[in-house]
Amino acid sequence: MAAQVLAMQQTTHQGEQAQQDSTAALQAQLADSQTKLNATTGAFLSEAQAAAILDSLYRYAASSSVTITGLQAQSAAEPVAPDALYSVQSFAVQMTGPVLQLLDFLGRFQETTWPGVSLKDVKLAQGEGQSTLDMSLALYTSPLATGAALEAAPFMEISSSGANATAVTGASAAISTVPAADLTALVNSLYEPWMAENWPEAIRILEQILLQTPDDFDMQTRLYAAYLYQAYQLYAAQQPEEAIAALKRALELRPDGQEAITALQRLNNGLPLDESGSLGTQGVDSP
């Protein structure tokens, strides 16, 4: 009888131990699944974040003195499965203004570095007096978004004075050979010199970024704009030769850049530039 009782006790103990082991394994699996889910949904925006990005377009447009003439919802380029944990909000954006102001807008709109934000088909059509900027903006949202997209994103200050903050973008999703954290730090560091109009420092940072992502159209556009602004700044400081050198560097980046071509022609012909940062109108059409 004692032997039977001992055997029953051992069986009961083994059963309890097996149950504890099974519970621990299940908890570990649940924790691992939650970690994977957080990592996945962390790449998406919340609905509130997506709405804030759309609002920021108008703030940046106002700060850059350009006008948003169209913000139309459109079908996503890639279909999303009905049971997917995310959705895509796609928009066709159009704005008008002087070329330099449109480039300044792109310089401010740095949320394109965020996970969950894609900027594609950026087209700049130059006209007399007013030019047009067209682009396709896609925002990837999920009801399970953790907010990590904001935490991992470059700095953005949401205020009436404008902000700054580039992601899984068609325009700027180049494969980098450096750790993402290092590249993000470089993009983050661009905000302060850009807003302070410290063009030598902004150019230095942009050139470092492009060493790692040479096909990044967004950063190429910003570097072109930075050289243009530097040229105007140098001209205002009565350094025309240095201004000419900056314009030539801008044209190396964009040989068909009409605003740089026109500014260079004016300086080579001894004609003044408008020191406010846009081209003068004497003898040449404004971009």
Side-chain angles (χ1 to χ4, degrees), residues 60-69 94-110 122-135 161-162 164 171 190-211 214 216-287:
Y60 300 155
S63 298
S64 301
S65 299
V66 299
T67 302
I68 295 179
T69 55
Q94 184 180 78
M95 56 188 62
T96 60
V99 170
L100 288 178
Q101 276 65 42
L102 292 171
L103 292 173
D104 183 68
F105 169 86
L106 287 175
R108 294 174 183 273
F109 185 37
Q110 293 192 16
V122 179
K123 298 176 182 178
L124 183 61
Q126 296 179 225
E128 294 186 4
Q130 294 289 307
S131 297
T132 302
L133 176 67
D134 290 282
M135 57 188 181
S161 61
N164 193 323
L190 179 60
Y191 174 80
E192 189 171 330
W194 186 281
M195 301 306 292
E197 299 184 3
N198 182 353
W199 304 120
E201 179 63 10
I203 289 169
R204 184 189 69 80
I205 294 170
L206 284 163
E207 288 180 338
Q208 286 187 6
I209 293 172
L210 286 169
L211 282 176
D216 189 329
F217 176 80
D218 183 39
M219 293 298 169
Q220 291 172 358
T221 300
R222 294 179 195 186
L223 182 57
Y224 172 77
Y227 272 115
L228 283 175
Y229 281 120
Q230 183 186 45
Y232 297 129
Q233 193 176 69
L234 290 167
Y235 175 80
Q238 299 183 350
Q239 300 179 55
E241 294 302 321
E242 289 80 358
I244 288 173
L247 289 169
K248 288 181 177 179
R249 185 68 183 92
L251 286 171
E252 290 177 10
L253 293 163
R254 184 171 294 178
D256 61 346
Q258 188 58 50
E259 57 280 354
I261 292 172
T262 303
L264 186 58
Q265 288 175 343
R266 292 187 67 85
L267 289 183
N268 284 335
N269 291 327
L271 298 174
L273 298 182
D274 180 356
E275 296 182 11
S276 66
S278 59
L279 297 177
T281 56
Q282 299 177 7
V284 64
D285 290 331
S286 299

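Since this is a predicted model, take the numbers as computed values, not measurements.
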Heavy-atom closest contact (Pro200 atom, Gln230 atom, distance)
CG-NE2, 3.8 Å

Measure the spacing between OG1 of Thr69 and CE of Met95 and express it to the nearest 0.5 Å.
8.0 Å

Can a cation-pi geometry be assigned to Arg108 and Tyr60, taking NZ or CZ under 6.0 Å from the six-membered ring centre and within 45° of the ring axis?
no

If I compare all heavy atoms of Gln130 with all of Thr96, which pair ends up nearest, and what's the gap?
OE1-C, 3.8 Å

For Arg254 and Asp256, run side-chain contact (heavy atoms from CB on, under 4.5 Å): C-alpha distance rounded to whole Å, both residues' side-chain angles, the deciding distance at 0.1 Å, then the answer.
CA-CA 5 Å; Arg254 184 171 294 178; Asp256 61 346; 3.0 Å; yes

Would the distance check show the side chain of Gln233 and the main-chain N or O of Glu197 forming a donor-acceptor pair, the cut-off being under 3.5 Å?
yes

Of the non-hydrogen atoms in Ala226 and Ile203, which two are nearest, and what is the gap between them?
CB-CG1, 3.7 Å

Quick one, Leu133 with Leu106, criterion side-chain contact (heavy atoms from CB on, under 4.5 Å). Give me CA distance, side-chain angles, the key distance, then yes/no.
CA-CA 10 Å; Leu133 176 67; Leu106 287 175; 4.1 Å; yes

Nearest 0.5 Å please: distance from the CG atom of Asn198 over to the CD1 atom of Ile205.
8.5 Å

Decide side-chain contact (heavy atoms from CB on, under 4.5 Å) for Asp104 and Trp194; before the verdict, give the C-alpha distance in whole Å, the side-chain angles of both, and the deciding distance to 0.1 Å.
CA-CA 10 Å; Asp104 183 68; Trp194 186 281; 3.6 Å; yes

Suppose we screen for side chain to side chain contact (heavy atoms under 4.5 Å, CB included). Which residues come up paired with Glu252, at least two apart in sequence or across chains?
Arg249

List the atom of Ile261, the atom of Pro255, and the distance in Å for their closest heavy-atom pair.
CD1-O, 3.5 Å

Which pair of non-hydrogen atoms, one from Thr221 and one from Leu103, has the smallest distance, and what is that distance?
CG2-CD2, 3.3 Å

Treating Gln220 as the side-chain partner and Pro214 as the backbone partner, does any N or O pair qualify as donor plus acceptor under 3.5 Å?
yes

Parallel, tilted or perpendicular, as decided by the 30° and 60° cut-offs, for the rings of Phe109 and Phe105:
tilted

When rounded to the nearest 0.5 angstrom, what distance separates CG in Leu223 from CG in Leu228?
10.0 Å

Which atom pair, heavy atoms only, marks the closest approach of Leu251 to Ala260?
CD2-CB, 3.7 Å

Nearest-0.5 Å distance that lies between atom CD in Glu259 and atom OG in Ser131:
7.5 Å

Spacing of NZ belonging to Lys123 relative to OG1 belonging to Thr132, to within rounding of 0.5 Å
12.5 Å

Pick out which of Leu253, Leu247, Leu206 makes a side chain to side chain contact (heavy atoms under 4.5 Å, CB included) with Tyr227.
Leu253

